[in-house]
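To keep things clear, I will list the structure first and then write my remarks on it.
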Amino acid sequence: MTENETKSSIRGDRDLANAQDIIVCEGVSKWFGDFQALNNVTATIKEQEVVVVLGPSGSGKSTWIRCINRLEQHQEGRIMVDGVELSNDLRNIEKVRSEVGMVFQMFNLFPHLTVRDNISLAPIWVRKKPRAEAEEQASSLLERVGIPEQADKFPGQLSGGQQQRVAIARALAMEPKIMLFDEPTSALDPEMIKEVLDVMKELALSGMTMMVVTHEMGFAKEVADKIMFMEGGQIVETGTPEHFFTNPTEERTKLFLSQIL
Amino acid sequence: MNLKNSTSQTQYEEEINVSTNSGLPPKVAALSPTEWLKANLFSNAFNSVLTVLSTAAILLIIRGLLSFIFNPLRQWSATATNMRLLMTQAYPEHQYARIWVSLGFLLFLTGVSLAFWRAGRRVQLSQVGKRLLAIGAFILLATLLAPFSSKATIIWLIVGAFIVGLGLLLKPAHEDKTISSLTLLSGAFLLAILSLWVVPYGHHSYLSTRTPKILAEPGTVAMTTKLPWTIMFLVAVCSYFLGAFIREKIDETRSKAVLSVTWLISPLFLLFLVLRDPDFDTGHLFSTDIPIFLFFSIVGSVLLLWLTRPDVGEKGRVISAAILFVGFATFLFQMLMIVRILTLVLAFFALAAPTFSGQKPARIRYAKVWIGSMVILCWLITAINTPSTAKVPGDFFIGGFAITLMIFFFTMVLAFPLGVLLALARTSKFPIFRMISTTFIEFIRGVPLITILIFFSVMVPLFLPDGMDLTEIAAVTIAFIIFEAAYLAENVRGGLQSVTRGQHEAAEAVGMTNSQKTFFIVLPQALRVAIPPMVGQIIATFKETGLLAIIGIFDFLYIARSVIPGQTEYMGSTRENLLFVSLVYLVICFAMSKASQRVEKRVGLGER
């Protein structure tokens with residue numbers, strides 16, 4: 001499958017122009033002590049859109065993505081996820097979190113549970129599914145991420161790439177509307193990055209709304225509908241991959257690209 | 001040093017050649033005894049001096065100890081005669097069967113559990129041979145050092161030589177020849193039991209009639225000792241084979257769970273068996289205890305089945321809070337303690353219900369857990385409320401080693417959950433919980449245990465309201481529980497802090513509530529980390545039970561130190577008894593520490 005075909009097939013299935021807004025951020029700011037991590041971030045992400053957030057380290061990418069399921073609290077502005085505004089109300093947060101899946105850089109699998117239990121725990125106790133159904137779902141998700149034979153192992157017995165795929169399956173088990181990826185391949189050995197990226201591509205093809213913080217330019221070029229470039233807690237530039245990689249407007253974007261490409 | 005390096009270097013090179021041929025990892029050849037001595041004990045001048053000096057010191061200590069033990073002035077018959085006193089104090093002789101039945105049941109459980117968990121491991125016969133060689137050599141050495149009579153020397157030399165010979169026989173056995181460690185263990189026990197029937201240890205007994213009669217004459221041990229122990233041994237062995245037989249027939253995980261619960265609960269029932277006279281008043285059992293149990297079980301499970309519905313919402317929380325309020329309010333009115341306690345426990349279950357809510361099987365499981373807790377709690381409270389009618393001297397039915405074990409058991413079973421709760425409260429985000437827990441822990445940790453024990457045994461009974469009664473044993477057990485809970489809480493807190501932020505975030509990101517996160521993710525990992533320090537704490541607790549002697553409870557140590565030397569026949573036999581007591585403590589603590597090492601290895605399975 002060439003690059004262009006992938007894109008056209010993605011575009012062919014979806015009608016992004018008429019899609020609903022699913023994440024809306026308006027003037028979001030956040031400080032860690034005196035340091036301003038996010039500065040007036042305003043952005044909209046539509047349903048089924050795949051957004052890649054790029055930027056140098058310390059630019060606030062991870063902080064922003066973590067604000068969207070409130071692992072961090074923003075201090076100014078508004079964040080709406082699927083029509084629910086994030087506030088201090090606990091019920092809103094739990095509702096949003098069960099609809100937003102998150103994949104972490106360090107996998108954060110539960111080391112005391114088998115792979116199957118890692119995946120089925122939340123559906124059983126949060127979604128209140130019967131155990132048999134949840135375990136069946138876990139098996140089919142493991143099939144989907146390509147490691148059905150590892151179900152009864154513990155996370156510590158898997159390779160990094162396999163662990164990250166289990167983490168993706170765990171997030172998918174909650175049947176989320178949105179998936180957030182916080183540098184999902186940064187802690188992996190080079191030969192394992194591809195297996196994780198393949199799973200993410202498959203997910204994008206299936207029409208999942210995704211927000212991905214990554215340094216994988218190939219993935220950004222191939223899969224993203226929109227690229228956002230952040231620096232100093234601000235979104236500096238937003239555009240399609242073609243625009244971003246071939247014809248960036250901002251000086252800082254050009255500098256960043258010249259450093260990494 | 002050089003020598004060692006060079007030899008191992010050449011060996012290494014040889015092995016490389018071999019390994020390239022066979023494709024197996026190189027085997028390091030065992031050092032010969034002289035090489036080993038050179039490498040480890042006489043590698044340089046300083047090391048040699050240390051070796052010589054410490055060998056001399058060890059020999060001196062062994063000789064001193066042996067001449068103490070085998071001195072004809074020692075009154076070992078003081079310990080032997082008073083064995084029953086040491087173990088159970090004044091427990092009536094005609095009811096001893098109850099103690100043997102309890103012990104037999106525990107051994108039965110042990111046998112079945114060993115079979116279910118496949119506890120035995122294979123030991124190489126050559127290894128056994130080496131061990132026997134070492135033991136035999138030690139016996140020979142000790143015999144030569146000890147001031148034995150010539151007859152005893154000859155007997156011990158023969159025993160030592162026999163063991164050495166057995167070791168030499170087994171040592172060259174092939175690597176493949178193994179034997180189960182359980183077979184070895186039961187073989188050793190079998191020898192010990194057989195020796196009871198054959199070897200003339202001496203026939204001792206202490207008859208506690210109006211004028212105590214002491215019996216100490218030559219011969220094998222009394223029938224009341226050797227027969228029950230033989231039966232106990234047979235029970236353990238048979239239950240092992242029974243366990244191995246039924247293990248194959250039934251669902252293993254399920255029966256393991258049943259066994260674990262039996263382990264936890266059965267001591268409570270056995271205690272009842274040991275402590276209560278057969279003809280106690282069963283009236284209040286049928287008039288109050290059973291109706292109360294039924295009421296709480298039925299009403300409670302209906303309520304909990306409703307509260308665990310996923311869609312119950314705010315209404316459930318309000319009702320749970322109301323039950324909690326009622327539970328506290330019951331203390332303002334006259335009513336049975338059992339009702340107050342059960343109401344509070346029900347409130348606790350109701351508050352936790354949203355955490356475990358789910359589909360029908362999950363809800364039914366929760367109700368089952370509730371009924372199970374009711375069975376245990378009601379039994380416990382009934383058992384405590386039923387006074388012992390057996391007439392014994394002193395204010396408690398049993399003493400000696402039994403009371404040490406009993407207080408230790410209750411302390412562990414109750415201090416553990418309390419400690420976990422305290423640790424959770426201390427790390428809670430609610431300041432009021434944090435404050436209460438921190439104050440409690442720091443206060444308890446700042447006060448010596450003996451102070452708390454004296455406070456509870458002397459002062460607390462004075463503060464109790466009219467009509468409420470607390471035996472000294474109960475008061476002291478509570479003192480132990482709060483003391484150990486404070487320390488366990490700190491161990492658990494260490495474990496809680498070791499759970500990374502990433503684990504918390506991952507649990508939050510899949511939408512778990514705070515209590516779900518704590519129960520399913522944080523606590524299991526925290527407790528696993530806390531096992532080594534907790535085992536240390538448990539062993540310490542066991543040894544701390546010796547403090548009971550200071551506040552005048554007839555425990556193991558008190559009887560050994562004060563009661564037996566008070567008997568006219570055994571004036572001044574304190575040291576013999578104390579040595580025996582230390583030996584028992586040593587054996588039990590060593591066994592616990594060994595067991596904990598195996599548990600640590602097992603739970604480490606899922607770790608990174």
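Protein chains get the first letters and strands the later ones, always in sequence-line order, with residue 1 at the start of each.
With chain B as partner, the option from A/Asp117, A/Val96, A/Leu109 having the largest number of non-hydrogen pairs under 4.5 angstrom is A/Leu109. Annotation: maximal heavy-atom pairing with chain B below 4.5 Å, among A/Lys153, A/Met174, A/Met102, occurs at A/Met174. Contact tally against chain A (heavy-atom pairs below 4.5 Å) for B/Ala362, B/Gly511, B/Pro361, B/Pro310: the top residue is B/Gly511.
Interface remark: B/Thr513 contributes backbone and side-chain atoms alike to the contact with chain A (heavy atom separation under 4.5 Å). Neither the backbone nor the side chain of A/Leu180 comes within contact range of chain B; no heavy atom of the residue lies under 4.5 Å from a heavy atom of that chain. Interface residue B/Glu508: backbone and side-chain heavy atoms are both found under 4.5 Å from chain A. Contacts of A/Val103 with chain B are absent, with no heavy-atom separation under 4.5 Å from either backbone or side chain. Within the 4.5 angstrom heavy-atom criterion, only side-chain atoms of B/Arg501, from C-beta onward, approach chain A. Looking at A/Glu133, neither its backbone nor its side chain comes within 4.5 Å of chain B, counting heavy atoms on both sides. Residue contact with chain B, scored on non-hydrogen atoms closer than 4.5 Å, involves the side chain of A/Arg66 exclusively.
In this structure, A/Arg97 does not pair ionically with A/Glu94, as no charged nitrogen and carboxylate oxygen lie closer than 4.0 Å.
Looking at A/Ser120 and A/Arg131, their side chains never come closer than 4.5 Å, going by heavy atoms from C-beta outward.
Defined by atom type and a distance below 3.5 Å, a donor-acceptor pair is present between the side-chain atoms of A/Asn88 and A/Arg70. Looking at A/Lys177 and A/Thr209, their side chains never bring a donor and an acceptor atom within 3.5 Å of each other.
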side-chain hydrogen bond (donor to acceptor under 3.5 Å, both in side chains) evaluation trace for A/Asp21 with A/Thr44: CA-CA 7 Å; A/Asp21 292 348; A/Thr44 308; 4.8 Å; no
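Taking the six-membered ring wherever Trp is involved, the centroid distance between the rings of A/Phe181 and A/Phe104 does not fall below 6.0 Å.
The aromatic rings of B/Phe433 and B/Phe430 stand perpendicular to each other, their planes meeting at an angle above 60°, with 30° marking the opposite boundary.
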